[in-house]
Protein chains: 2
Amino acid sequence: MTQDSTRVDNRRTDTRDRILQVALRLFADNGYAATSLQKIADELGVTKAALYFHFKTKEDILGGILLGHRGSVEDMVDRVGPRLHTPAGREELLRLISDYQATRSQYLIRLIRENAVEIGNLSLGAQIRDAQRRLLDALAGPDATLLDRIRARTAFCALHVAVKHGDDLDASAEEIREAALTVALEILHGVDQNT
Amino acid sequence: MTQDSTRVDNRRTDTRDRILQVALRLFADNGYAATSLQKIADELGVTKAALYFHFKTKEDILGGILLGHRGSVEDMVDRVGPRLHTPAGREELLRLISDYQATRSQYLIRLIRENAVEIGNLSLGAQIRDAQRRLLDALAGPDATLLDRIRARTAFCALHVAVKHGDDLDASAEEIREAALTVALEILHGVDQNT
DNA sequence: GTCTATATATGGATAGAC
DNA sequence: GTCTATCCATATATAGAC
């Protein structure tokens, strides 16, 4: 080992990760377009120019934040795999999504929902969109009717309600998450009953 | 009548309304922050300066678009009034919301959802937020449990799915709207069954 | 009511020193 | 890896002529 043992990932600093972390919060809170590189740099205590050592453009920072999300979405579908053709499999997928949303930063959920336009402009955005569509179609089940597909999308939406209305509903985040999952499962059971 | 009979609303031109119309579309499609006054002026075939005759600031244009929305939301709750304490009344409210979303421009729905940050900064934004909360609480019914309130919010969300996934679901807008209303009613019936 | 012209600020991005 | 300094485009907004 000729390298400093404090190094991680062969990098001397963790600035890149800190940029992503701060940018995620600011993009989610204030919007991508309304967040200047100056603000990000200020919060980190560095200059704008430092950001450009780690990322080629502002869009690349957004891309860096979203990288991995696409994979996570695809992994959830793959993990359940062939069991998706059964009601139990689809219920399992819904629980995976709920867990994913609880584990990952709430900022990421809001970032994706409230910056759909800018994300859509990224090449990565189209891939995320496709992955999400596959997930929703899997949730609707095979040979799904229009009603089934809307139920699947609404069940997915129910999980988002926990994030969206977290402040309005006076309950703990965990209580809200469990209740949202319950409602989502109710809706999904509607899919299975009417087919 | 000393005034030109072609006048409407005591104004000589309809530029103000055309500004609001074009701005609504651009704000919804590209985001508020990413839409410059120059783009709005270009689409109208006027200069930026002309916009400032009709609106004091860019935010005022956003406010002008949203004006009336708050009233519409409050009107829906008031229209159903005391019947809100019955399941039938809450179902009626849900149908009113569905009609409202179908009647009003789809642009308005997307504008509100995807520019929550900027709208929240307006004083009008806080009022819209309050009105919507009252609507959601009314939908949940009196003495609603946490589960009931999440069902109400999810039912509301179901109606939005029609707008959000309009392109993914290969069906007519009217078919999607009807199906979304059906799902929303299913969820709301869950409220009434479990209380 | 709309124009031209301009003030003023800030945005993203780059060059080159250290 | 981070800095200072700067380029250049575009943003909101205003002044004053027509």
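Judged by distance alone, with hydrogens and angles left aside, the side-chain atoms of A/R83 form no donor-acceptor pair with the main-chain N or O of A/A88 at under 3.5 Å. Counting only distance, with no hydrogens or angles, the side chain of A/Q106 and the backbone of A/Q101 share a donor-acceptor pair below 3.5 Å. Looking at B/K39, its side chain does come within 3.5 Å of a backbone N or O of B/A34 through a donor-acceptor pair.
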Derivation and outcome, salt bridge (charged side-chain N to carboxylate O under 4.0 Å, His left out), residues A/R104 and A/D99: CA-CA 8 Å; A/R104 293 296 177 110; A/D99 286 344; over 6 Å; no
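Separating the CG atom of A/L44 from the C1' atom of D/dC3 is a distance of 15 Å, rounded to the nearest angstrom. We find that CG of B/D17 is positioned 15 Å from C1' of C/dG1, with the value rounded to whole Å. Distance B/E59 CD to D/dA11 C1': 15 Å, rounded to the nearest Å. When the C1' atom of D/dA13 is taken as reference, atom NE2 of B/H54 falls 16 Å away, rounded to whole Å. Per the geometry, CZ belonging to B/F55 stands 16 Å off C1' belonging to D/dT12, to the nearest Å. Straight-line distance from the CZ atom of A/F53 to the P atom of C/dC18: 19 Å, rounded to whole Å. A straight line from CG of A/L51 to P of C/dA13 spans 11 Å, rounded to a whole angstrom. One interatomic measurement links the two molecules: NZ of B/K56 to P of D/dT14, which rounds to 7 Å at whole-angstrom precision.
Between A/R133 and B/D167 there is no salt bridge, since no side-chain nitrogen of the basic residue lies less than 4.0 Å from a carboxylate oxygen of the acidic one. Ion pairing of A/R95 with A/E92 is absent here, as no side-chain N (NZ or NE/NH1/NH2) approaches a carboxylate O to less than 4.0 Å.
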Please write out each protein N/O paired with an N/O of nucleotides 4-11 of chain C under 3.5 Å, distance rounded to 0.1 Å.
| unit_1 | atom_1 | unit_2 | atom_2 | d |
| --- | --- | --- | --- | --- |
| C/dG11 | OP1 | A/S36 | OG | 3.2 |

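Checked against D/dG1, D/dC3, C/dA13, the side chain of A/T57 finds its nearest nucleotide in C/dA13.
The phosphate of C/dT2 has OP1 or OP2 within less than 4.0 Å of a side-chain N or O from B/T15. For B/Y52, no side-chain nitrogen or oxygen approaches OP1 or OP2 of D/dT14 to under 4.0 Å.
Under the side chain to side chain contact (heavy atoms under 4.5 Å, CB included) rule, B/Y32 has a single partner from B/L111, B/L62, B/I65, which is B/L62.
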